[in-house]
Amino acid sequence: MGKQGATNGPAALPADDEDKFKLVGFKNFVRSNPRSDLFTVNRFHHVEFWCGDATNTARRFSWGLGIPIAAKSDLSSGNSVHASYLLRSTSSSSCPQLQFLFTAPYSPAISTPSSSSIPTFSFSSHRSFTETHGLGVKAIALEVEDARLAFSTSVSHGAKPVSEPVILNDEVVLAEVHLYGDVVLRFISFLKDSNGFVFLPGFELVEGTQLDYGIRRLDHAVGNVPELGPVVEYIKSFTGFHEFAEFTAEDVGTAESGLNSAVLANNDETVLFPLNEPVYGTKRKSQIQTYLEHNEGAGVQHLALVTEDIFTTLREMRKRSVIGGFEFMPSPPLTYYKNLKSRAGDILSDEQIKECEELGILVDRDDQGTLLQIFTKPVGDRPTIFLEIIQRIGCMLKNEEGELYQKGGCGGFGKGNFSELFRSIEEYEKTLEAKQTTQVAIA
């Protein structure tokens, strides 16, 4: 694996410990689930973005994704420290909802610290984060059975503490540990029935237009790091998460560049943390290295959002791509879709296969299910964070009440789709480089 200079992530492991993590690649990896979590993890709770203007960033994501702004904590609700707006997807049976939180500071000169609804918010940290990374994910929050236990267990197993447990209004417990780069892993648990909460104490309900393009929940959050081994071992050591999948440059790279990747998962495989590192010494700079340079360190590369119907979601999102929504990466070549019927004809109808081609949707499958996915271009000024829209098909199980639910991670991560994404980003970067070369020549 490639070596990199100093980072703001966890310290490198001693040489004898680095040997613990070895990639074997997609073909040789054998999936197993030891159910080794060190504390009970229920689901993703929310993702918090730090930005310079929470109002307009939240509105842009709401419009582009079809997810309404459901709650707020700002001047109008008595918060003089920061403006925070919550997007929450429409509920679907027992499926946990997607929650995106966007936060930006007010002036420290007018703030009353006690009015903050996010106890871990810091003016100096926010300023440093946005100056360094631009728009990005600051916190990935997990709903756990007991946030105090999750924090103490994590720290006792090597996690770097960021914020000790805080009890909010005798209702919610919140704590944070370091994840990678400037990203924190936030633990949330409830001392009362969480169904009665708007979001967190201090947030007020927002009534408005109920947008809905079909997006329902967060499937996985992908991190880019300079060196994979130490970060994988770090996260596994304090969570107990197991390895769900892995890929090497041979699996997903091109003749010009590559990456290595590993996916960590909780017991139920509903919380998935893929991690990527660049491969060095190739003809082209790895796109992971490009991310690390523009992000000025490790961070969240993309967030995968599950939809009930990817065709409906994509049609709605593409309508808005040039009017405030999100643009998508270029579609794969037509040859990709020529063999799609032979690969997925038993799952998708002829009409759906045609729609995949028209909308640029990638299709892959494993021994358990089928994965449909597509990727946006970077969502901000920098070529860093982007979004993924996915639909998983298959792996339906019944719970104790006889209700159907989908097994976590159904369809895996699609090696073929991963390769197409890698090639697509590489081609996109070439177009940016060509523009830059032209401008230098003109100058």
Side-chain angles (χ1 to χ4, degrees), residues 26 31 64-67 89-95 97-98 211-220 245 252 269-270 272 302-321 325-377 386-399 402-424:
F26 179 81
R31 189 187 300 177
L65 296 173
I67 303 175
S89 65
T90 301
S91 179
S92 174
S93 65
S94 59
C95 178
Q97 294 169 292
L98 172 67
L211 295 170
D212 184 10
Y213 309 159
I215 292 174
R216 293 293 175 258
R217 64 178 177 85
L218 177 64
D219 185 86
H220 56 271
V252 298
E269 297 180 341
T270 53
L272 299 167
H302 77 267
L303 300 164
L305 316 181
V306 172
T307 172
E308 293 179 325
D309 179 352
I310 196 168
F311 305 111
T312 297
T313 299
L314 261 292
R315 284 193 293 269
E316 292 298 325
M317 289 184 67
R318 283 193 178 278
K319 286 179 185 177
R320 295 158 177 83
S321 289
F326 300 105
E327 296 183 68
F328 290 88
M329 295 300 293
S331 300
L334 294 178
T335 53
Y336 175 88
Y337 294 100
K338 286 185 177 180
N339 299 320
L340 187 54
K341 185 172 180 61
S342 63
R343 292 188 288 115
D346 58 329
I347 299 296
L348 302 175
S349 66
D350 290 346
E351 182 181 348
Q352 289 173 324
I353 290 174
K354 182 179 179 182
E355 282 192 283
C356 285
E357 181 176 346
E358 291 175 349
L359 295 169
I361 297 170
L362 303 173
V363 183
D364 212 337
R365 65 194 303 179
D366 65 7
D367 59 324
Q368 297 184 11
T370 302
L371 175 66
L372 282 64
Q373 59 191 152
I374 190 169
F375 303 85
T376 72
K377 291 181 179 180
F386 58 93
L387 301 172
E388 174 186 1
I389 308 300
I390 72 172
Q391 182 177 355
R392 297 187 181 274
I393 301 174
C395 314
M396 300 308 294
L397 304 172
K398 282 188 177 181
N399 60 20
E403 298 171 328
L404 287 174
Y405 71 97
Q406 189 175 54
K407 180 180 180 294
C410 178
F413 278 79
K415 182 175 75 73
N417 291 1
F418 203 162
S419 297
E420 287 297 333
L421 168 65
F422 192 89
R423 280 192 283 270
S424 183

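R216 places none of its side-chain heavy atoms less than 4.5 Å from the side chain of T307. Side-chain contact check for T370 versus L348: every heavy-atom pair is 4.5 Å or farther apart. Between R320 and Y213 there is a side-chain heavy-atom pair separated by less than 4.5 Å.
Annotation for C356 and L340: closest pair CB-CD2, 4.1 Å, computed over non-hydrogen atoms. Nearest heavy-atom pair, Q97 versus T90, reported as atom, atom and distance to 0.1 Å: NE2-C, 3.9 Å. Across all non-hydrogen atoms, the minimal contact from M317 to I215 is SD-CD1, 4.3 Å. Looking at every heavy atom in both residues, C395 comes nearest to G411 through SG-N, 4.3 Å. Minimum interatomic distance between M396 and L404 (heavy atoms only, all atoms of both residues): CE-CB, 4.2 Å. Between S331 and G360, the shortest heavy-atom distance links the atoms OG-CA, 3.4 Å.
With rounding to the nearest 0.5 angstrom, the OG atom of S89 is 12.0 Å from the CG atom of L211. Note that the CD atom of E388 and the CG atom of D219 stand 7.5 Å from one another [nearest 0.5 Å]. The CD1 atom of I389 lies 7.5 Å from the OG1 atom of T376; values are rounded to the nearest 0.5 Å. The structure places OH of Y336 at 5.0 Å from CZ of R343, a figure rounded to the nearest 0.5 Å. From I361, atom CD1 reaches atom CZ of F328 across 9.0 Å, with rounding to the nearest 0.5 Å. Taking CD of Q352 as the reference point, atom CD1 of I393 lies at 7.0 Å (rounded to 0.5 Å).
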Residues L387, L65; criterion side-chain contact (heavy atoms from CB on, under 4.5 Å); working and verdict: CA-CA 10 Å; L387 301 172; L65 296 173; 3.9 Å; yes

side-chain contact (heavy atoms from CB on, under 4.5 Å) between R318 and I374, worked out: CA-CA 12 Å; R318 283 193 178 278; I374 190 169; 3.4 Å; yes

Derivation and outcome, salt bridge (Lys or Arg N to Asp or Glu O under 4.0 Å), residues K319 and E316: CA-CA 5 Å; K319 286 179 185 177; E316 292 298 325; 3.3 Å; yes

Intermediate values then yes/no, side-chain contact (heavy atoms from CB on, under 4.5 Å), L218 and L305: CA-CA 5 Å; L218 177 64; L305 316 181; 4.0 Å; yes

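A distance-only check finds a donor-acceptor pair linking the side chain of Q391 to the backbone of I310 [under 3.5 Å].
Among the candidates L372, I353, I347, the single residue satisfying the side chain to side chain contact (heavy atoms under 4.5 Å, CB included) test with V363 is L372.
Relative ring orientation between F386 and F375 is described as perpendicular, the plane-to-plane angle rising above 60° on a 0-90° scale split at 30° and 60°.
Relative to the ring axis of Y405, R392 does not place its NZ or CZ within 45° and under 6.0 Å from the centre.
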